[in-house]
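First the structure, in the form of structure tokens, and then the observations on it.
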Amino acid sequence: MGKKIRVILRNGLELTYEDARVVEGKKTWIYQVNKDEYPEELLALIDPHHIESLYAED
């Protein structure tokens, strides 16, 4: 399925999402995905300027 996504914001807050996918553009979208890797639910919509670091793990 998707990956484990860790986001650390500039204010020190750490967010973790399981079975998720990241789409980056003017905003960073993090979606919950199903077994076929299709987006099912929007988990987060984050302004990239607020992100200190973003990690994707299997």
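With hydrophobic clusters built from ILVMFWY side chains whose heavy atoms lie under 4.5 angstrom apart, Leu9 shares a cluster with Leu54.
Applying the salt bridge (Lys or Arg N to Asp or Glu O under 4.0 Å) test to Asp58 and every residue at least two apart in sequence or in another chain returns Lys3.
Atoms NZ and CD1, on Lys27 and Ile30 in that order, are 13.0 Å from each other to the nearest 0.5 Å. Annotation: the span from Ile5 atom CD1 to Thr28 atom OG1 amounts to 11.0 Å, rounded to 0.5 Å.
Between Trp29 and Leu42, the shortest heavy-atom contact is CE3-CD1, 3.6 Å.
Judged by distance alone, with hydrogens and angles left aside, the side-chain atoms of Asp36 form no donor-acceptor pair with the main-chain N or O of Tyr38 at under 3.5 Å.
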Would you mind writing out the side-chain donor-acceptor pairs for residues 45-52 within the sub-3.5 Å range, not counting sequence neighbours?
residue, atom, partner, partner atom, Å
Asp47, OD1, His49, N, 3.0
Asp47, OD1, His49, ND1, 2.9
Glu52, OE1, Arg10, NH1, 3.4

Cut-off 3.5 Å, no hydrogens considered: what does the side-chain donor-acceptor table look like for residues 11-26, sequence neighbours left out?
residue, atom, partner, partner atom, Å
Asn11, OD1, Leu13, N, 3.0
Glu14, OE2, Arg6, NE, 3.1
Arg21, NH1, Glu37, O, 3.2

